[in-house]
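To start, the structure itself, in structure tokens.
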Amino acid sequence: MRRRAFLALGLAATVGAAATGRAFHQDLDAARQRLAGRSRLIRTRFGQMEVAEAGDGPPVLMVHGTGGGFDQALAFAAPLAAHGWRVIAPSRIGYLRSDYPPGATPATEADGFADLLDALGIDRVPVIGGSAGAQPAIEFAIRHPDRCSALVALVPAAFAPGRPPVRPPTPLAQAIIDHGLQSDFLFWAGMSVAQDAMIGALLATDPALVRAAAPAEQARARAILRDILPVSDRARGFAHDARFAADPPPQALERITVPTLAISMEDDRFETAAAARHIAASVQGAELILYPTGGHIWIERQDMLFAAVDAFLSRTAKQKGRP
């Protein structure tokens, strides 16, 4: 009797493991298929840069954040593509198919964007930098003022003097950061069994805020998390951002001469509101939008946030002539 019970338990465990393995490989295959055929490679002085586009109209450069790629950039800027902008979405260095040159910095990325514009035949463009993508977007405005017509720093993971320390992750969240970002399977498993912890740790947003949001916003948050898979194709980018976004270096904001908008949420767990305030205070004539809640992925702020970005880009384009 006992032997039969053990055999039954062993069979159940084997079947469960097989089912888990099938589900993982199906989701990983789906993630790779979602990326396939949507982008192309452009040669820059720093190697290959992957880029995708969406929408028609005047161009806008959308620079993604940690854990992203061209796919995250397109997802974030989808409201702009729907409202008459041509969204240019590169994968930053080390993400997906973009190369990672030795010693790369946010300035390297900014210079690569200039090469990308050359390849696309674009003279000037407004740039939006989200999260860790704000640093290279800022560098682009500083280093290439003749190519940049406006700057939007969205939840900027950038320098701020006296910024309060980022709250330490829970032990579970730290385990996700230490191990889950190195393995497609561990990341997938974390999404399955510890989604709230991953939303809090990786998306820097209160999971309770997501649970209380409208179904469409809950789905958007889950999609941002899900679309980090395959994490193995983004590992070099994660390592790059760990160097610069965790302890952002000061940038020469006083050299920025283009119209600038900084946006953040007061409850962003990455404390980007302090950086947004610093950008607005340091760039002459810069505008600032701070929402009281929304977390790092601006839960329940999507429509109003991108309406404000659209209005800013349209207004600045009229002032200087569309790029």
Side-chain angles (χ1 to χ4, degrees), residues 27 30-42 44 48-99 109-110 112-113 116-117 119-122 125-137 140 150-157 202-203 216-231 233-234 237-238 241 263 296-299 301-303 305-310 312-314 323:
D27 287 351
R32 295 196 185 283
Q33 290 171 11
R34 180 179 57 79
L35 297 169
R38 297 176 60 196
S39 65
R40 58 187 172 126
L41 294 176
I42 299 292
T44 76
Q48 300 274 31
M49 180 182 291
E50 183 179 32
V51 65
E53 298 186 34
D56 296 311
V60 58
L61 182 65
M62 179 71 217
V63 185
H64 68 82
T66 300
F70 76 85
D71 53 332
Q72 185 190 86
L74 289 180
F76 283 177
L80 297 178
H83 285 86
W85 294 90
R86 173 189 171 192
V87 176
I88 300 167
S91 295
R92 291 170 50 223
I93 55 175
Y95 281 101
L96 298 179
R97 295 196 293 156
S98 288
D99 288 337
E109 297 183 85
F113 297 155
L116 173 63
L117 295 185
L120 296 178
I122 296 172
V125 68
V127 60
I128 305 170
S131 188
Q135 288 188 52
F140 181 69
L151 167 67
V152 178
L154 176 58
V155 291
L202 300 182
L203 305 187
E217 281 293 271
Q218 294 184 37
R220 184 172 69 85
R222 290 193 298 269
I224 294 171
L225 188 62
R226 178 201 67 214
D227 291 351
I228 296 175
L229 198 69
V231 69
D233 291 352
R234 309 175 200 262
F238 268 116
D241 286 346
I263 307 175
H296 193 59
I297 56 171
W298 54 88
I299 289 295
R301 307 290 180 183
Q302 172 87 338
D303 291 343
L305 188 156
F306 276 98
V309 172
D310 184 25
F312 171 78
L313 295 179
S314 298

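Just the heavy atoms: all of them, side chains too, but no hydrogens, waters or symmetry mates, feed the values below.
- A side-chain donor-acceptor contact under 3.5 Å links Glu50 to the backbone of Arg97.
- The closest side-chain heavy-atom distance from Arg92 to Val63 is below 4.5 Å.
- Ser98 and Ser91 get closest at one heavy-atom pair: OG-O, 2.6 Å.
- Looking at Leu61 and Leu116, their side chains come closer than 4.5 Å, going by heavy atoms from C-beta outward.
- The closest side-chain heavy-atom distance from Phe140 to Leu117 is below 4.5 Å.
- To the nearest 0.5 Å, atom CG of residue Leu80 and atom CD1 of residue Ile128 are 5.0 Å apart.
- Rounded to the nearest 0.5 Å, atoms CH2 (Trp298) and CZ (Phe76) are 4.0 Å apart.
- With hydrogens and angles ignored, the 3.5 Å screen pairs no side-chain donor or acceptor of Ser131 with any backbone N or O of Thr66.
- Side-chain contact between Ile228 and Phe238 is present, with at least one heavy-atom pair separated by less than 4.5 Å.
- Closest approach of Pro79 to Phe306, counting heavy atoms only: CB-CB, 3.8 Å.
- Judged by distance alone, the side chain of His64 and the main-chain N or O of Ala89 form no donor-acceptor pair under 3.5 Å.
- The CD1 atom of Ile299 lies 6.5 Å from the CD1 atom of Ile224; values are rounded to the nearest 0.5 Å.
- Here CE of Met49 is found 9.5 Å from CD1 of Ile42. Values are rounded to the nearest 0.5 Å.
- Residues passing the salt bridge (Lys or Arg N to Asp or Glu O under 4.0 Å) test with Asp233, sequence neighbours excluded: Arg32.
- Side chain of Arg40 to main chain of Val51: no donor-acceptor pair is present (N/O by atom type, distance under 3.5 Å, no hydrogens or angles).
- Leu203 has its side chain out of reach of His296: every pair of non-hydrogen atoms, C-beta onward, lies at least 4.5 Å apart.
- Of the possible polar contacts, none joining the Tyr95 side chain to the Gly68 backbone as a donor-acceptor pair under 3.5 Å is found.
- A distance-only check finds no donor-acceptor pair linking the side chain of Gln302 to the backbone of Glu217 [under 3.5 Å].
- Proximity of Pro59 to Trp85: side-chain heavy atoms (C-beta onward) are nowhere separated by under 4.5 Å.
- Of all heavy-atom pairs between Leu229 and Arg34, the closest is O-NH2, 3.5 Å.
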| Stepwise, does the side-chain contact (heavy atoms from CB on, under 4.5 Å) test hold for Leu154 with Val309? | CA-CA 9 Å; Leu154 176 58; Val309 172; 5.8 Å; no
| request: Just do the side-chain contact (heavy atoms from CB on, under 4.5 Å) check on Val60 and Val152 with the steps written out, would you? | output: CA-CA 11 Å; Val60 58; Val152 178; over 6 Å; no
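- In this structure, Leu96 and Asp71 have side chains that are in contact, with non-hydrogen atoms separated by less than 4.5 Å.
- Annotation: side chain of Arg38 is in contact with side chain of Phe70 (closest heavy-atom distance under 4.5 Å).
- The distance from atom CG of Asp310 to atom CG of Leu305, rounded to the nearest 0.5 Å, is 11.5 Å.
- When all heavy atoms are compared, the tightest approach of Pro156 to Ala153 is CD-O, 3.8 Å.
- The main-chain N or O of Ala157 is found under 3.5 Å from a side-chain atom of Gln135 such that the two form a donor-acceptor pair.
- To the nearest 0.5 Å, atom CD1 of residue Ile88 and atom CG of residue Leu120 are 5.5 Å apart.
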